[in-house]
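Counting from 1, the numbers follow the sequence of the chain as shown.
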Amino acid sequence: MQVPLPREAHILTSACNPCMDLLALVSHDEAPAPAASGPPGLTPAQIAMRQRMLAMQARRMGVANPMAPGAGRDASSLRRGSSLRMVVWRMSDTPSRVWDVVLEPVPTASSDERRSGWESMSVLSLVWSPDGERLAVRLGVSQTWDTTTTHTHVLRVFSVYDGTLLYTHTSPTTTSPWHATLYWVPVPEPTVPSQAASMLRHLQPLDAPTDLSDDKPGWVGSVHARSRPTAPPPSANVPKGTGVLAQLPSLASGTSHASLLLCADAGGQLSFWLDGTVPIGPVSLPTNAEILSIVSDCHTASVLLQDEQTWQSAHIPLPLSTPLWHIAKLSTDLRTYLTHILDATFYAARAWISMVRPRAVEWQAHWDDLAKRHGVDIVLEWMALIMTGRASPACEQLLAQLTEGTTLAMETDAKRGLKHIRRLMATHVVPACERLLILLTELQGCAQWRASYPMAALDDVVPLLRQTQTCHAVAMALQEDVEREWLALDEYYQWWRMEQDRQERRKLGEDVPRVLTYHDTLTVLEYVQRGFLSPSLDAMLGAPTTPAHAPDADTSDDSHALTAPLWTTPAVVYETAAPSKPPTKVASALASALAWVDQAPRAPATATTAQWQGVFHVPTLFAGPAHTYAPRTLPGDAQTLVTRAEKLCTDTARVLVSALHQAGSPAPTLHTAWERPTSVLCRDEAVRSVPAEAPATIPTHVPRPVVRAVVHHEQHVHTYATHDTLVTLSLPPLTTASADVPRETHPAHGEVLDFAVTPHDLHVLSTTSHSTQLRSVAWSHTDTKGPPAKPVDLQDGTLLAVFQHGLRVVAHRDRRALTVL
């Protein structure tokens, strides 16, 4: 059966799913033309005219043209080749395409001095997971900027069902990524008793934190309904390999059996991944040797090496110890709860910045406008109104200006945001911190058991416990502050509606109130005196920082210079240490400030009992005006809760990654080398996308011996081919067997084009007397000298893929069609 392909496709090694009839193909897409940039709604002709006008203005002003190719650091300055696409086909009675994804390189930060560069990406190898539910792809990315070349290895794991990206691991390398070999083997998972896991199983599982926009439709006048934030949470960047959570190792979720992914890169380095997602310390083989193939059972891996003159094999025990699995599982649970903390704090900060804070700034803007219009101290005016009931012209103007709909929208936004923050702290951050303390306590116990856990990196667990306790305390203090702020807002809006109703009745001459409302006058007074913006929540959740723009100079005749302000408002700094600059330039003030610095005690490194009590027990609802109010955080530390959680995740990842690397470093055993065979079939099996006129530092075509490996009858079998012979190397011990490909009269007939191995059969693709026909012959490992299987004549073919149950797929020479046998 012939299957036409929409584009040229390549079959890589291990491209057949062992459990399903799925075939993975890699194809080239045409290089996209650079899109003309311009405002939306313009035609291409209008965009071209705009570019010409900008170029004319740039020449007239003597500056660089921003629309010229290579100007600035835009995406067009990086030259790329055609994009690579991975397509998965189902090879059943009616072959069909399941899904396809575009393989994109991981974005890297570039320097501003670099003006132009080249980027090449290569698909080095593919491999399916033992259960057939995941697909691992090894990529090589090379970038050349001016005279500097960087190389990167990228491992990506996709879901077989829909092509969803599950995992990404990026590792820079000094060697050019021109080949890689992947092998994924099932391994026995040891039983690891864990007291922390047993305790966590008895607790209520935590639900995933949600954004405020997912609760219910936004209010009609809500700021959240008008402008919804689009930034993804920290957990959304984990599959892409970016963000702080991606630094923390984690086992794959939903896998039925344990597995180990082995990767042999150029430069003689062998890497391991538990379940394809947890990296373990690599094994360095002889640096001058090239890894041709790798095969492994559940205990030992066998590697075939090649140097300039010889071939040799190496046996490497798999790093599968009980402490390694224990730390990997603890790391998985730690990342689960750190994901809850980071996502919850992210959504809490988003609710504060997008819902609560804009309403407080809006109230403050109304007050500042009234103060400028009437020239009064607006705080004193409102306090006088609260106490005496006499409204000044400024207060009357604002009471009449804000309608019931506007007030209701402002109240709804602020209260919904505060309720969401309180719920995130109470149901996500605080319980997740408590579960983190349980896991870190067990990790601390592992660090003290040196006989079974000889990992020096586990000594840094105690600081992680302190950071977790600090995040727990700040989250509880934040929850208390949010509750206080919500109660103050409720009292303020009750007074506001009562005062609006009372002022309207005074104008109409009515004495009987329409609605009786009750509010706490002291709370409203303190709230008005402090201001609408809470500095404590600003310090814990983070206020948006806006760059300060210099005022434009006035070029008129009468005001050619800037007018200096009468006084400078000092910036509010949330810290307990002494100010770094004197408040004024007066000598007396400077002397008093220096004396205060000398007399003030230093902030302790750790918080005392009294300071901890000050975080949770405040004598008053509001401590004073905003410019004198210090937030109730730990002394000497003004980090936001988001910053604390990110630092905790980064430090935890550093400790666990170092411990995993120390736990798995097996020593290879090299065997006797033999003379390097001649006339070996060589081919560059990587699919490369190289830009035109690429520098010599980017590999374009690197042929290497084609070697296939498989486990057969508890032996590691490596198979390579010459022009007319197939050679199998069985280890251990080293035994060699060869099989001749049938040749005809012409010396060019019978040449091997490609071959594939399975645990039961060996298949070879070779030429025949007709230059446009190919022959497929099946061999058996147990009897390579036996008669060949019945050949199948093909019209055209160049690449071969074989499933374990015998289904064979041959790609045509033009790689635009497949033949399924």
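- Judged by distance alone, with hydrogens and angles left aside, the side-chain atoms of T345 form no donor-acceptor pair with the main-chain N or O of L641 at under 3.5 Å.
- Minimum interatomic distance between P234 and D343 (heavy atoms only, all atoms of both residues): CD-OD1, 3.2 Å.
- Here the CD1 atom belonging to I341 is positioned 3.5 Å from the SG atom belonging to C433, to the nearest 0.5 angstrom.
- A heavy-atom distance below 4.5 Å is not found between the side chains of T168 and P239.
- Note that CZ of R373 is 12.0 Å distant from CD1 of I378, once rounded to the nearest 0.5 Å.
- With hydrogens and angles disregarded, no donor-acceptor distance shorter than 3.5 Å links the side chain of R359 to the backbone of F532.
- A 4.5 Å side-chain heavy-atom check between L338 and L648 finds at least one atom pair inside the cut-off.
- Contact of the S392 side chain with the V376 side chain is not registered, since no non-hydrogen atoms from C-beta on lie closer than 4.5 Å.
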Checklist entry - Are M355 and R350 close enough, and set up right, to give a side chain to side chain contact (heavy atoms under 4.5 Å, CB included), and what steps lead you there? => result CA-CA 8 Å; M355 296 288 290; R350 172 183 286 183; over 6 Å; no
Item to check | Criterion side chain to side chain contact (heavy atoms under 4.5 Å, CB included) on L200 and I438, from CA distance to verdict | outcome: CA-CA 8 Å; L200 294 177; I438 296 175; 4.1 Å; yes
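- If you run side chain to side chain contact (heavy atoms under 4.5 Å, CB included) between L541 and each of V642, V482, D481, I421, only I421 comes through.
- With Y492 as reference, Y527 is the one residue of Y527, W382, W486 to meet the ring pair (Phe, Tyr, Trp, His ring centres under 6.0 Å) rule.
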Next on the checklist: Applying side chain to side chain contact (heavy atoms under 4.5 Å, CB included) to V528 and V524, what does each step give before you reach the verdict?
Outcome noted: CA-CA 6 Å; V528 170; V524 177; 4.3 Å; yes
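- Side-chain contact between S235 and L342 is absent, with no heavy-atom pair separated by less than 4.5 Å.
- The distance from atom OG of S534 to atom CZ of R357, rounded to the nearest 0.5 Å, is 10.5 Å.
- Looking at E526 and R530, no side-chain N of the basic residue comes within less than 4.0 Å of a carboxylate O on the acidic one, giving no salt bridge.
- The closest side-chain heavy-atom distance from W367 to V379 is below 4.5 Å.
- Here E504 does not pair with K507 in a salt bridge; the nearest charged N to carboxylate O distance is not below 4.0 Å.
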Checklist entry - Taking it one step at a time, do T336 and T339 satisfy side chain to side chain donor-acceptor pair (under 3.5 Å)? => result CA-CA 5 Å; T336 300; T339 302; over 6 Å; no
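- To the nearest 0.5 angstrom, M410 atom CE is 4.0 Å from E362 atom CD.
- Side chain of Q500 to main chain of L399: a donor-acceptor pair is present (N/O by atom type, distance under 3.5 Å, no hydrogens or angles).
- One distance of note links CZ of R506 with CG of L508; it measures 12.0 Å at 0.5 Å rounding.
- When ring centroids are compared, W352 and Y347 stay outside the 6.0 Å threshold.
- Not a single donor-acceptor pair under 3.5 Å links the side chain of H472 to the backbone N or O of V429.
- Summarising the geometry of S250 relative to T332, their closest heavy-atom pair is OG-CG2, 3.4 Å, with the distance given to 0.1 Å.
- Minimum interatomic distance between A475 and V430 (heavy atoms only, all atoms of both residues): CB-CG2, 4.0 Å.
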Next on the checklist: I'd like to know whether E381 forms a side chain to side chain donor-acceptor pair (under 3.5 Å) with H374, so could you lay out the CA-CA distance, the side-chain angles of the two residues, the decisive distance to 0.1 Å, and finally the verdict.
Outcome noted: CA-CA 11 Å; E381 296 284 335; H374 297 272; over 6 Å; no
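- Here the closest heavy-atom approach between residue A246 and residue G241 is recorded as CB-C, 3.7 Å.
- Between R497 and E411 a salt bridge is recorded (basic side-chain N to carboxylate O distance below 4.0 Å).
- Ion pairing between R435 and D333 fails under the 4.0 Å rule for side-chain N and carboxylate O.
- Taking 4.5 Å as the limit, some side-chain heavy atom of M498 sits within range of a side-chain heavy atom of H519.
- For the pair L334/L656, a side-chain contact is recorded, criterion being any heavy-atom separation below 4.5 Å from C-beta on.
- Ring geometry, H340 versus H428: the interplanar angle falls under 30°, so the pair is classed parallel (tilted spans 30 to 60°).
- Checked against K647 for a side-chain hydrogen bond (donor to acceptor under 3.5 Å, both in side chains), the options D651, T643, T650 give a single hit: D651.
- Here the closest non-hydrogen pair linking L464 and L440 is O-CD1, 3.8 Å.
- More than 12 heavy atoms of other shown residues, nucleotides or ligands fall within 6.0 angstrom of atom NZ in K415.
- When all heavy atoms of A348 and L424 are compared, the pair lying nearest together is N-CD1, 3.5 Å.
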Next on the checklist: Apply side chain to side chain contact (heavy atoms under 4.5 Å, CB included) to residues L402 and H366 and explain how you reach the verdict.
Outcome noted: CA-CA 10 Å; L402 295 182; H366 286 303; 3.8 Å; yes
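- K372 has no carboxylate O lying under 4.0 Å from a charged side-chain N of D368, or vice versa, which leaves the two without a salt bridge.
- Taking CD of E491 as the start and CG of L522 as the end, the distance is 10.5 Å to the nearest 0.5 Å.
- When side chains are defined from C-beta on, L385 does not count as touching R390, because their heavy atoms never get closer than 4.5 Å.
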